Amino acid sequence: MSDKRVICVGCAVWDTIFSIDHIPLRGGKILPRQAIQAASGMATAAAVSIARLGGPVTLWARIGDDTTGRMFIDSLSGSGVSTACIRQVPEGRTPFSTILVDRDGERLVVPYIDPSLDTDPTWLPLNDIGGAAAVLADMRWVEGARAALTEARRVGVPTVLDADVAAVEDLKALMPLADHLLFSEPALRLLADNAKPEDALLALAPHTDAKVIGVTLGERGSLIWQRDVSSTEVQHFPTPRIRAVDTLNAGDVWHGTYAYGLAHGWALADSVRAASVAAAMKCEVFGGYLGAPRMAELVRRMASTYRP
């Protein structure tokens, strides 16, 4: 673990993002204020966030052997993310999405993932996991996530699951493999029949051996339950008040920053606070994860946000 490398496994998609005044309710033509295209996806954005903080990180993902796939690789060049384990599937079509971001930072995402894109994870270099400091996986490539998280558990490498909305059976399949089980609010609601988030976390705790179970709540912050501290205490971490410009990838930046803290041995509270600030800073900048902070920027913002 000498280099504290994080392996991120999952979604790789090519984003076209438009900044507009409002998301339309009916058809028509809208002229955007800004537009950007970039490699993205949950695991991809988390990986870039880790790299921006100065951490070594590798992305394990699959894309198509097409023009869009080549643009994806080119977009990540210079980001600090190792792309050596991104597989370009022969005759596959790289996932892509169009995203509208309104003046309040809310977004409408229209993704397309080729159902014929090969899901086989047998090409993954699982032997590399033993030298990693953590493995983070999302829900967009269940087969790859299961393979990586299972091996990480076997060799004692901490695992983080970005448990976003997915089929309930897929969530239940990957949850037992996570040491740090971190939900989006909509995903937690799928499992908890609209219970309050605090109650939902406590209800899930007996059904997993995760050390940490949490949920991100957007501008309402996050809730974290830690197994070794208390069986009934759920801690609330607020998020800084900001003027949101673009909320796209905020959760991914949160998870990437959390994984960075885990890999570097930070206290849990420090990792969660840093993740909250990093995600907030991202929301102040248009362009998805391009607003993710560098370490010096994060340290300054942390100092001003959490003054004694």
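Keep in mind that what you see is a predicted model, and the values were worked out from it rather than measured.
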Lys/Arg N to Asp/Glu carboxylate O, [X] vs [Y], below 4.0 Å:
X: Glu297; Y: Arg301; result: no
X: Arg140; Y: Asp164; result: yes
X: Asp252; Y: Lys282; result: no

Closest non-hydrogen atom pair, [X] against [Y]:
X: Ile30; Y: His22; answer: CD1-O, 4.2 Å
X: Arg227; Y: Ala210; answer: NE-O, 2.9 Å
X: Ile20; Y: Arg33; answer: O-NH2, 3.3 Å
X: Ala292; Y: Val253; answer: CB-CG2, 4.0 Å
X: Glu106; Y: Thr247; answer: CA-OG1, 4.1 Å
X: Ser271; Y: Trp266; answer: OG-CB, 3.5 Å

N/O donor-acceptor pair under 3.5 Å between [X] side chain and [Y] backbone:
X: Ser75; Y: Met71; answer: no
X: Arg93; Y: Pro115; answer: no
X: Thr94; Y: Thr67; answer: no
X: Arg153; Y: Ala178; answer: yes
X: Thr216; Y: Gly218; answer: no
X: Arg62; Y: Arg87; answer: no
X: Asp179; Y: Thr159; answer: yes
X: Asp138; Y: Asp162; answer: no
X: Glu151; Y: Ala148; answer: no
X: Asn249; Y: Tyr289; answer: yes

Donor-acceptor side-chain pairing of Ser116 and Asp114 below 3.5 angstrom: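 Result is yes, a qualifying pair exists.
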
Please examine the side chains of [Y] and [X], heavy atoms only from C-beta on, and report whether any two atoms are closer than 4.5 Å.
X: Ile99; Y: Thr16; value: no
X: Gln235; Y: Gln226; value: no
X: Leu298; Y: Thr257; value: yes
X: Thr83; Y: Phe72; value: no
X: Pro206; Y: Leu202; value: no
X: Leu182; Y: His255; value: yes
X: Ile129; Y: Ile7; value: yes
X: Phe286; Y: Ile17; value: yes

Residue pair Lys172, Leu191: steps toward the side-chain contact (heavy atoms from CB on, under 4.5 Å) verdict: CA-CA 9 Å; Lys172 290 182 176 180; Leu191 298 169; 4.2 Å; yes

Does atom [atom1] of [X] have more than 12 heavy-atom neighbours from other groups under 6.0 Å away?
X: Glu284; atom1: CD; result: yes
X: Arg241; atom1: CZ; result: no
X: Glu91; atom1: CD; result: no

Could you see if [X] belongs to whatever hydrophobic cluster contains [Y]? Use Ile, Leu, Val, Met, Phe, Trp, Tyr and a side-chain cutoff under 4.5 Å.
X: Val165; Y: Trp141; result: yes
X: Phe96; Y: Leu117; result: no
X: Leu188; Y: Met42; result: no
X: Leu290; Y: Val13; result: no
X: Val135; Y: Met175; result: yes

Tyr260 and His264 aromatic ring geometry - parallel, tilted or perpendicular at 30°/60° bounds: parallel

Interatomic spacing from [atom1] in [X] to [atom2] in [Y] - rounded to 0.5 Å:
X: Arg70; Y: Asp65; atom1: CZ; atom2: CG; result: 6.0 Å
X: Thr122; Y: Leu126; atom1: OG1; atom2: CG; result: 9.5 Å
X: Leu100; Y: Ser19; atom1: CG; atom2: OG; result: 10.0 Å
X: Lys4; Y: Ile50; atom1: NZ; atom2: CD1; result: 13.5 Å
X: Ser97; Y: Trp14; atom1: OG; atom2: CH2; result: 10.5 Å
X: Thr239; Y: Leu217; atom1: OG1; atom2: CG; result: 10.0 Å

Residues Leu171, Leu161; criterion side-chain contact (heavy atoms from CB on, under 4.5 Å); working and verdict: CA-CA 10 Å; Leu171 284 164; Leu161 181 63; 5.5 Å; no

Partner of Phe18 by side chain to side chain contact (heavy atoms under 4.5 Å, CB included), out of Val101, Leu108, Thr98: Thr98

Inter- and intrachain pairs under ring-ring contact (aromatic ring centres under 6.0 Å, His included), touching residues 176-205, at least two apart: His180-Tyr258

Steps toward side-chain contact (heavy atoms from CB on, under 4.5 Å) verdict (Arg107, Asp102): CA-CA 6 Å; Arg107 75 275 191 197; Asp102 71 15; over 6 Å; no

Residue pair Arg5, Thr58: steps toward the side-chain hydrogen bond (donor to acceptor under 3.5 Å, both in side chains) verdict: CA-CA 7 Å; Arg5 179 171 299 275; Thr58 298; 3.0 Å; yes

Criterion side-chain contact (heavy atoms from CB on, under 4.5 Å) on Ser49 and Trp254, from CA distance to verdict: CA-CA 9 Å; Ser49 302; Trp254 194 100; over 6 Å; no

